Amino acid sequence: MDWIVSVIAASLAVAAPLLYGALGEIFTQRSGIMNLGLEGVMLVGAATSYIAAVNSQSLFVALLTCILVGLVLGFLYAVLLFAGMFTAA
């Protein structure tokens, strides 16, 4: 019985980043835009954050890199969406 509780706790801890992404996607869809690439943006941000952390040995630099990559990819998606290269729905 104890292992069931530990499995549920571990799965909730692992699923927390995806839940944050799903919450952000809910707000995005409420505005009328469907962004199916959200998990890809999160993956690219995590990968670049890892590379920055390994190279700089600083968690602050890794966090800053992750935030900047997310901002750049989100801005690129918005520019391409409003330029007519993507469809919103």
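These numbers come from a predicted model, not from an experiment.
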For the residue pair [X] and [Y], what are the closest heavy atoms and their distance?
| X | Y | result |
| --- | --- | --- |
| Cys66 | Gly45 | SG-O, 3.7 Å |
| Leu63 | Ser49 | N-OG, 4.4 Å |
| Asn35 | Glu25 | O-OE1, 2.9 Å |

Q: Say whether Leu73 and Leu36 are linked into one hydrophobic cluster, either directly or through other cluster members, by side-chain heavy-atom distances under 4.5 angstrom.
A: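 Looking at the clustering, Leu36 is in a separate group from Leu73.
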Q) Hey, quick one: are Leu59 and Val54 part of the same hydrophobic cluster, counting side-chain heavy atoms closer than 4.5 Å, chains of contacts allowed? A)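 Leu59 and Val54: separate clusters.
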Would you list the atom pairs, donor with acceptor, under 3.5 Å between side chains in residues 15-23 and any protein atom, with sequence neighbours excluded?
none

Measuring from [X]:[atom1] to [Y]:[atom2], what's the distance to the nearest 0.5 Å?
| X | Y | atom1 | atom2 | value |
| --- | --- | --- | --- | --- |
| Tyr77 | Thr28 | OH | OG1 | 8.5 Å |
| Ile8 | Trp3 | CD1 | CH2 | 9.0 Å |
| Leu76 | Leu80 | CG | CG | 4.5 Å |
| Gln29 | Leu38 | CD | CG | 10.0 Å |

**Q.** Thr65 (side chain) donor-acceptor with Thr48 (main chain) under 3.5 angstrom
**A.**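 Flag not set: sc Thr65 to bb Thr48 has no pair under 3.5 Å.
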